[in-house]
Amino acid sequence: MKIVADDRIPFLRGVFEPFARVTYLPGKQISPADIVDADALIVRTRTRCDRALLQGSAVRFVATATIGFDHISVNDLQDLGIEWSNAPGCNAVSVKNYIASALAAMDMPLAGKTMGIVGVGHVGSRVAKAAEAFGMNVLLNDPPRAEKEGTAGFVPLDEVLAKSDIVTLHVPLESGGKYPTVNLADREFFRKMRSGAWFFNSCRGEAVDRNAFLCAAAAGKLGGALMDVWPGEPDMGQELIDAVRFGTPHIAGYSADGKANGTSAAVRYIAGKLGISELLNWKAAGIPDSVFSKDIDLAGVTSVDAALRSAVLHAYDIRRDAEALRNDPGAFEALRGSYWVRREFSAYTVHNAPAQAEKALRMLDFNIG
């Protein structure tokens with residue numbers, strides 16, 4: 001058996017080698033010639049899996065070690081008889097931590113403010129918990145879920161935009177169908193937002209109309225913005241970077257834990273399809289330790305807000321990633337490729353936390369020592 005894999009998928013090397021011939025290649029450079037005799041393909045978002053790549057190959061199975069799958073042409077794979085899988089929820093906690101870090105880094109009180117979450121799946125539902133930990137009210141918008149489950153607990157998009165102090169997108173990328181999300185954040189979207197509200201996007205760059213966002217930012221409509229995913233990335237342009245407060249190189253889901261989850265899901269899927277019973281329950285091991293101390297001492301901190309901000313920014317300070325991109329926008333792909341070891345909050349233990357902050361810290365997945 002032969003497997004071709006993106007050479008930047010962590011924890012993967014050596015896993016399939018006892019059972020198959022494995023070739024590792026840069027994701028963007030995987031070509032039809034590379035996979036002509038491959039049985040399976042393991043990718044990330046940088047490999048476009050469509051008819052142009054796969055037609056005429058021996059590939060029967062494709063696994064992407066990512067939650068998103070808009071780089072996979074589902075219709076093309078179906079026509080070619082190729083089965084595929086993604087890793088839903090693999091980095092949801094990582095994105096939750098990312099949004100929590102942005103909240104902790106904002107120079108504004110959060111208790112009593114309102115966050116509007118557009119898209120309440122694996123990621124959005126966890127982001128809601130992060131907002132609630134900071135004492136925020138939450139408005140949920142998810143038309144497909146509301147249609148399936150009933151409208152209780154969900155509100156219309158117009159209401160989210162009118163009432164929220166922060167609007168954050170967590171939608172899949174859909175170009176058609178009943179609920180398209182390409183250019184969801186268009187001129188009308190920004191016009192309907194409360195003046196001075198913040199806008200976050202950490203799902204897909206194409207969910208935002210670039211010109212509409214730039215016009216809203218230039219007009220002073222927004223209190224600030226966060227973007228981890230960008231229209232036209234990695235060549236999004238300096239104007240777009242200058243228009244956001246926090247801009248990062250598509251790394252919201254890049255915790256070491258999230259990467260391990262994605263790789264584990266991809267390995268188990270391909271193992272099942274190729275009949276490698278030894279790997280059916282495989283789980284990535286040896287996740288590196290955080291570059292920061294796993295013990296967080298909050299002695300002397302008295303307020304819930306200060307405790308949350310201190311703990312979160314110790315574990316992950318979004319401002320470091322934002323500064324790195326702002327200093328060198330051309331290094332977008334390099335910053336992703338050589339990303340530092342970021343552990344999720346569950347890898348940290350908080351000591352001497354004020355008693356009234358313990359519940360909120362646990363909501364953010366910290367351990368209490």
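Everything numeric here is computed off the predicted structure, so don't read it as measured data.
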Same apolar cluster (I L V M F W Y, side chains within < 4.5 Å links), [X]/[Y]:
X: Leu222; Y: Met108; answer: no
X: Val22; Y: Val59; answer: no
X: Ile368; Y: Leu364; answer: yes
X: Met193; Y: Ile99; answer: no
X: Val118; Y: Val244; answer: yes

If you take all heavy atoms of [X] and [Y], which pair is closest and at what distance?
X: Ala102; Y: Phe246; answer: O-CE1, 4.1 Å
X: Gly369; Y: His351; answer: CA-ND1, 3.8 Å
X: Ala243; Y: Ala225; answer: O-CB, 4.3 Å

Are more than 12 heavy atoms, taken from residues, nucleotides or ligands other than [X], located less than 6.0 Å from that residue's [atom1] atom?
X: Gln356; atom1: CD; answer: yes
X: Asn281; atom1: CG; answer: no
X: Lys294; atom1: NZ; answer: yes

Less than 3.5 Å apart, any donor N or O on the side chain of [X] or [Y] sitting next to an acceptor on the other?
X: Asp34; Y: Ser31; value: yes
X: Glu344; Y: Ser255; value: yes
X: His71; Y: Thr64; value: yes
X: Asp321; Y: Tyr339; value: yes
X: Arg343; Y: Tyr348; value: no
X: Ser94; Y: Asn91; value: no

Excluding sequence neighbours, so at least two apart, what forms side-chain contact (heavy atoms from CB on, under 4.5 Å) with [X]?
X: Glu233; value: Arg46, Val229, Trp230, His250, Phe332
X: Arg8; value: Asp6, Arg44
X: Ala185; value: Leu169, Phe189, Phe190, Phe199, Val208
X: Asp79; value: Arg51

(message) Centroid separation under 6.0 Å, is that true for the rings of Trp84 and Phe69?
(response) yes
How about [X] and [Y]: do any of their side-chain heavy atoms sit closer than 4.5 Å?
X: His170; Y: Ser202; value: yes
X: Val95; Y: Arg126; value: no
X: Val155; Y: Val160; value: yes
X: Leu279; Y: Phe19; value: yes
X: Leu54; Y: Cys49; value: yes
X: Val350; Y: Asn367; value: no
X: Arg204; Y: Asp70; value: yes
X: Phe134; Y: Leu308; value: yes

(message) Against the six-membered ring of Phe11, is Lys259 placed for a cation-pi contact (under 6.0 Å from the centre, within 45° of the normal)?
(response) no
(request) Go through the steps for Asn261 and Ser264 under the test side chain to side chain contact (heavy atoms under 4.5 Å, CB included), then give the verdict. (result) CA-CA 5 Å; Asn261 292 337; Ser264 299; 5.5 Å; no
(message) Run the side chain to side chain contact (heavy atoms under 4.5 Å, CB included) test on Thr263 and Trp282 for me, step by step, so that the C-alpha distance in whole Å, both residues' side-chain angles and the decisive distance to 0.1 Å come before the verdict.
(response) CA-CA 10 Å; Thr263 301; Trp282 186 84; 4.0 Å; yes
(request) Would you mind telling me which of Leu226, Thr248, Leu313 makes a side chain to side chain contact (heavy atoms under 4.5 Å, CB included) with Ser101? (result) Leu313
(message) Arg21 and side chain to side chain contact (heavy atoms under 4.5 Å, CB included): which single residue from Val4, Asp37, Ile3 fits?
(response) Asp37
(request) List for me each residue that meets side chain to side chain donor-acceptor pair (under 3.5 Å) alongside Lys163, sequence neighbours excluded, and say none if there are none. (result) Glu159
Do NZ/NE/NH1/NH2 and the carboxylate oxygens of [X] and [Y] come within less than 4.0 Å?
X: Asp39; Y: Lys2; result: no
X: Arg194; Y: Asp165; result: yes
X: Arg326; Y: Glu323; result: no
X: Glu83; Y: Arg60; result: no
X: Lys129; Y: Asp365; result: no

Mind checking the [atom1]-[atom2] spacing from [X] to [Y]? Nearest 0.5 Å is all I need.
X: Ile82; Y: Leu77; atom1: CD1; atom2: CG; result: 4.5 Å
X: Leu184; Y: Asp209; atom1: CG; atom2: CG; result: 10.5 Å
X: Met136; Y: Leu110; atom1: CE; atom2: CG; result: 5.5 Å
X: Asp7; Y: Tyr24; atom1: CG; atom2: OH; result: 10.0 Å

(message) Going by the rule salt bridge (Lys or Arg N to Asp or Glu O under 4.0 Å), which residues pair with Arg13 if we only count those two or more places apart in sequence or in a different chain?
(response) none
